[in-house]
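This report refers to the structure that appears directly beneath it.
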Amino acid sequence: MTISESTLKALRSKTPQLWLNPAFGEAGDLSVSADGIADAYARLTRCAGLLSDLFAELAGLDGPVDSPLLEVTHLQRAQGSDPARDGQWFVKGDHALPVAGSIKARGGFHEVLALAEKLALEQGILQPDEDRRALARPAARALFSRYTVTVGSTGNLGLSIGVMAAALGFRAVVHMSTDAKAWKKTRLRDRGVEVVEHAGDYAAAVEGGRAQALADPYGYFVDDEHSERLFYGYAAAAQMLARQLSAAGRQVDARHPLFVYLPCGVGGAPGGITFGLKVLYGPHVHCFFAEPAASPCMLVQLASGMEKAVSVYDVGLDNQTQADGLAVGLASPLVSPVMLQQLSGIYTATDEDLHCWLHRMARTESIALEPSAAAGIGGPRWLAHSEAGRAYLEAQGLVSDMPNASHIIWTTGGSLVPEREHAKFQALGAELERCRLREAGGMVR
Ligand SMILES: *Cc1c(COP(=O)(O)O)cnc(C)c1O
């Protein structure tokens with residue numbers, strides 16, 4: 001293992017840190033390509049009518065499922081940042097993605113829609129140029145009902161895949177760990193999805209799902225750790241963001257840098273988005289991941305060199321966090337080699353940080369998030385106020401361009417969270433804020 005002593009020390013003590021990727025910007029062959037993104041974007045676009053028929057929330061949808069880009073100046077000021085000095089903060093609001101309620105919507109919908117198209121085309125139920133609404137006709141439903149779509153999930157991927165698969169008439173099975181949030185299991189069961197519970201962590205749930213699906217000739221397993229369909233579905237968000245930025249009058253070029261802060265679990269969603277943004281903006285976009293201090297799986301994988309798989313357990317961490325969407329011990333082997341070249345860095349956050357941030361977001365912008373989804377909020381401060389952050393800006397020659405910068409805090413889930421859960425998060429966040437104010441004088445994160 002080649003993780004440096006200081007990084008390892010901060011990892012083991014769960015001290016939040018900003019780790020800069022020493023391999024950032026190195027060139028090399030990638031296993032993924034821009035064609036895959038265009039394909040996913042086109043699929044999500046041509047299925048808009050189908051989705052608007054299947055889900056009341058999507059009535060009238062005429063393009064890919066997307067979320068709003070919001071200016072968050074109140075949050076920015078509350079975090080001690082001045083737009084005239086530091087650039088403008090935005091939220092890319094995937095907490096509000098319809099039906100799935102999280103960033104998992106684009107990837108998950110894309111994978112299930114690709115399966116449905118493939119089966120229907122093979123059986124002659126759908127013609128290549130036909131309106132995808134045909135996938136909701138009885139002949140298609142009868143076909144899909146013979147197949148079982150299975151996925152292992154900490155929660156949100158199950159909500160995306162399970163609900164879409166069930167709506168098209170597939171049998172849908174979601175494998176989850178026993179400690180997954182109870183309301184997520186209930187919501188799935190209410191939508192006709194079977195939930196299988198596993199003692200052990202996320203990896204155990206994935207393995208359970210994989211074994212069951214492989215034993216079934218009509219089984220289809222959505223593989224969160226290896227799926228290109230998920231990856232490209234997530235990556236399609238980059239084009240959507242680019243359109244919103246230009247509509248908001250935000251330039252992105254050598255003098256107008258774009259910074260994007262993405263919560264990372266297995267790496268598929270933030271990795272797909274990073275890859276998509278790099279295709280569009282090259283060196284002018286700077287992507288940072290945020291991971292829980294107890295589950296920094298992408299950090300340990302990238303920092304240890306890429307010779308073998310390294311998990312958070314290997315460095316003595318326990319993968320125990322309230323950020324269930326990010327509670328992953330081992331990074332995706334599909335995504336990590338891509339991120340080794342493209343990712344600027346990764347910072348870690350404690351559960352206390354996440355609760356404080358989600359409280360501040362609710363107070364200043366009236367946006368309610370789940371803990372995982374708040375992880376991006378700390379990004380701009382790490383960049384502007386830490387030694388590593390300043391070193392990055394200097395090395396990239398960006399210090400004098402910061403007033404022109406756009407900062408995108410990617411909020412990744414929360415709109416389906418029941419009110420009583422939000423109330424608990426808020427109360428905890430408010431209490432932690434009071435403690436921090438009492439202790440003020442230490443580093444404000
Ligand atoms: C899944 C998830 C992420 C991260 O996506 P990965 O593909 O697992 O890296 C971030 N936020 C939330 C709320 C999620 O559910």
Side-chain angles (χ1 to χ4, degrees), residues 67 91-97 100-108 110-111 151-163 174 176-177 180-181 183-184 187 201-203 205-206 222-235 237 260-276 287-292 295-299 301-302 312 319 321-336 338-339 343 346 349 354 357-358 361 367-377 379 409-417 421 425:
S67 70
V91 154
K92 177 60 180 159
D94 278 3
H95 62 280
L97 271 175
S102 82
I103 192 167
K104 299 296 192 308
R106 296 187 199 83
H110 177 249
E111 174 131 17
V151 66
S153 171
T154 60
N156 288 339
L157 184 63
L159 285 172
S160 172
I161 298 279
V163 170
V174 177
M176 300 173 97
S177 61
K181 299 268 185 277
W183 71 264
K184 292 187 179 176
R187 187 176 171 93
D201 76 348
Y202 166 75
V206 172
V222 177
D223 189 337
D224 195 16
E225 291 166 337
H226 300 91
S227 169
E228 292 193 4
R229 294 270 191 226
L230 285 177
F231 182 82
Y232 289 129
Y234 294 135
V260 185
Y261 310 98
L262 295 145
C264 174
V266 74
I273 291 168
T274 297
F275 176 67
C287 297
F288 291 84
F289 285 180
E291 298 194 296
S295 313
C297 64
M298 190 62 78
L299 201 171
Q301 184 64 62
L302 299 187
V312 303
N319 195 23
T321 168
Q322 284 303 309
D324 56 336
L326 314 181
V328 176
L330 190 63
S332 160
L334 170 75
V335 178
S336 47
V338 184
M339 292 305 101
L343 194 63
I346 302 177
L354 300 180
W357 294 338
L358 77 75
M361 181 70 98
I367 294 174
L369 301 174
E370 58 185 282
S372 300
I377 295 170
I409 293 164
W410 213 289
T411 55
T412 50
S415 64
L416 299 183
V417 174
E421 299 279 325
F425 298 152

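These values consider heavy atoms only, across backbone and side chains, with no hydrogens, waters or symmetry-generated copies. As the structure lists them, so they are numbered: ligands from 1, and atoms in each ligand from 1.
The proximity of L326 to ligand 1, defined as any non-hydrogen pair under 4.0 Å, is limited to the side chain. The proximity of A269 to ligand 1, defined as any non-hydrogen pair under 4.0 Å, involves the side chain as well as the backbone. Only side-chain heavy atoms of N156 come within less than 4.0 Å of ligand 1; its backbone N, CA, C and O stay farther off.
At a 3.5 angstrom cut-off on N or O pairs, G413 does not count as close to ligand 1. By the 3.5 Å distance cut-off applied to N or O atoms, E370 is not counted among the residues near ligand 1. For a threshold of 3.5 Å applied to N or O pairs, the pair formed by G267 and ligand 1 contains at least one separation below that value.
Looking only at distances, a side-chain donor or acceptor of K92 sits under 3.5 Å from a matching main-chain atom of S67. Side-chain atoms of S153 come within 3.5 Å of backbone atoms of G158 as a donor-acceptor pair (strictly under, hydrogens ignored). Side chain of E225 to main chain of V266: no donor-acceptor pair is present (N/O by atom type, distance under 3.5 Å, no hydrogens or angles).
Between atom 2 (C) of ligand 1 and the options H95, K104, E225, the minimum heavy-atom separation is to K104. Among V266, V417, I273, V328, the residue whose heavy atom lies closest to atom 8 (O) of ligand 1 is V266.
Checked options I103, I377, V91; the residue passing with W410 is I103 (criterion: side chain to side chain contact (heavy atoms under 4.5 Å, CB included)).
The T412 neighbourhood of ligand 1 comprises atoms 10 (C), 11 (N), 12 (C), 13 (C), with distances under 4.0 Å to a heavy atom of that residue. When each atom of ligand 1 is checked for a heavy atom of P270 under 4.0 Å away, the hits are 5 (O), 6 (P), 7 (O), 9 (O). For ligand 1 and S372, the ligand atoms under 4.0 Å from any heavy atom of the residue are 13 (C). Of all atoms in ligand 1, numbered sequentially from 1 with element shown, those under 4.0 Å from a heavy atom of G268 are 6 (P), 7 (O), 9 (O).
Nearest protein neighbour of atom 4 (C) of ligand 1, counting heavy atoms only, is G265 N, 3.5 Å.
Here K181 contributes atom NZ and D324 contributes atom CG; the two are 4.5 Å apart, rounded to the nearest 0.5 Å. The CE atom of M339 sits 14.0 Å away from atom CG of L299, with the distance rounded to the nearest 0.5 Å.
Below 30°, between 30° and 60°, or above 60°: for Y261 and F288 the angle between ring planes is below 30°, a parallel geometry.
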Walk me through whether D94 and R106 qualify under salt bridge (charged side-chain N to carboxylate O under 4.0 Å, His left out). CA-CA 10 Å; D94 278 3; R106 296 187 199 83; 2.9 Å; yes
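T411 and H95 are linked by a side-chain donor-acceptor pair at a separation below 3.5 angstrom, with hydrogens and angles left out of the test.
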